[in-house]
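Below is one structure, written out as structure tokens; the observations come after it.
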Amino acid sequence: MFINGEWIELEKQFAVTNPATGEQLGKVSDGGQQEAHQAIQAAHEAFQSWSKTTAYARSAILYKAYQLMMERKQALGELMTREQGKPLKAALNEVQYGADFFLWFAEEAKRVYGETIPSARANQRFLVRYEPVGVVGAITPWNYPISMITRKVGPAIAAGCTIVLKPAESTPLCAKAIFEILEEAGLPAGVANLVTALDPRPIGTEFCTNPLVRKITFTGSTAVGKKLAQDAAPQLKRVSMELGGHAPFIVYEDANPEYAAKGASLVKFLNTGQACISPNRIFVHRNIMDKFVETFSQRVNKMMVGNGMEKGVAIGPLINETAVSKMENQVQDALGKGATLHNGGQRLVENGLEKGHFYAPTLLSNINPDMVIYREETFGPIAGIIPFDDNDDVIAMANDTQYGLAAYIYTQNLSKAMHTFEALNFGIVGINDINPTSAAAPFGGMKESGLGREGAREGLVEYLETKLGGFAI
Ligand code: ADP
């Protein structure tokens, strides 16, 4: 753990394992409420001077951290593959995406402009300035174990906030590597603190109840996000929530079914389906269904499953056994209710895969609303295809979920693209685009997918308070 500029090791520790092999990668301290309390205290003390530094000084540290991430890209990528499981190429992409947030916020730090507002009174001047909110409590998930950290720590530092981070219990080593970089980049003691823990609950409780914490930022499941938001409510702490998704992927009749199937198969199996923006309901017009399914299925056949360190592997392990069981349940339920299986449909336990948490990339068609997979976020390598006939119906079906994070549309018709873009109740919409994300673009969901946005200009505003001065002159 990294508290007040010092690396601390507790006697009580927990093991970190490789989800592809079961091999133990290391141990980290098992912190609790007391350590979270200490870290918050340190962050509070550091805030007094850090919040008064210039944006230029903060920007320089973030830029240095960006450079160090770039220098260590390969090592960080390999660490991520061993700890989280994603194929090395995907891990390297994530390190780049993660570093992009430090670079973006190093730039944005200098552009927190205030405002003067004309008054109706001749002898009055209005002045608006933005100030850092204070100490931030951050909780991050394991699926993107570096970029979800830099996406919170970057803007916090840029804004002049101080922060205490609790990373996911499955991926604390990636968090540690980022904090080593922040230390080397010259971040003063107490500005960013790392508390690792096997049981996240006492840390969440301390974040929500300690009055020194002014903001909670969380990425993870909707259930935990709601609990944290409720627990933070009595003190009216500011909250940012990036929660679950249930992304629709709409392929209209005029789309090229082969091109759309290529896109769907790439984005669906990214990170073994363990992404909140992963397509979870693939709606395909009935008239192009056969070609779409055929292309999709051929592509799935060619996907190599295995340890992400091996060349050519496209699908890594799931994070743990619970995730594998969830896949088994969703597939069994769908097949029992009439779905058609084209690929996969079982856990993989041969050729060394038995030591890890592997599930075959799976393609199901004829999914209907009675199936669990139609409603529940999959978070794994199962693609479910639903036929549709009517364009208005498909928009209603796409919106028929409590989630509202990402959605995808394939069409060659501009007016249909625009109409659908406007009609979908989702925070991120990819139009013939399977990667509508960037450090420069606002990421976040509507409805039960969350509150607030990360990245972009908006990602910095989340860490700022607005202060108005009315000057009578
Ligand atoms: P997932 O199911 O994808 O692991 P979670 O929401 O359970 O998603 O986990 C995301 C992050 O939230 C992790 O860092 C985890 O430790 C943390 N977390 C889980 N439960 C709680 C809780 N009750 N209070 C605070 N943090 C929690």
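We count ligands from 1, going down the list as the structure has it; atoms in each ligand are counted the same way.
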Does Lys226 pair with Glu448 as a salt bridge, N-O distance under 4.0 Å?
-> yes
Within residues 304-320 or reaching into it, pairs that qualify as side-chain hydrogen bond (donor to acceptor under 3.5 Å, both in side chains) - sequence neighbours excluded = none
Less than 3.5 Å apart, which donor and acceptor atoms pair up between the side chains of residues 168-175 and the rest of the protein, not counting sequence neighbours?
none

Taking only heavy atoms of the protein into account, state which residues are under 4.0 angstrom from an atom of ligand 1, in chain and number order.
-> Ile139, Thr140, Trp142, Lys166, Pro167, Ala168, Glu169, Pro200, Arg201, Gly204, Phe218, Thr219, Gly220, Ser221, Val224, Leu228
Going by the salt bridge (Lys or Arg N to Asp or Glu O under 4.0 Å) test, name the single residue among Arg457, Arg238, Lys215 that passes it with Glu462.
-> Lys215
For Glu131, the salt bridge (charged side-chain N to carboxylate O under 4.0 Å, His left out) test, sequence neighbours excluded, returns Arg129, Lys467
Please assess His246 against Glu377 for the test side-chain hydrogen bond (donor to acceptor under 3.5 Å, both in side chains), listing each intermediate value before the final yes or no.
-> CA-CA 5 Å; His246 196 42; Glu377 186 180 23; over 6 Å; no
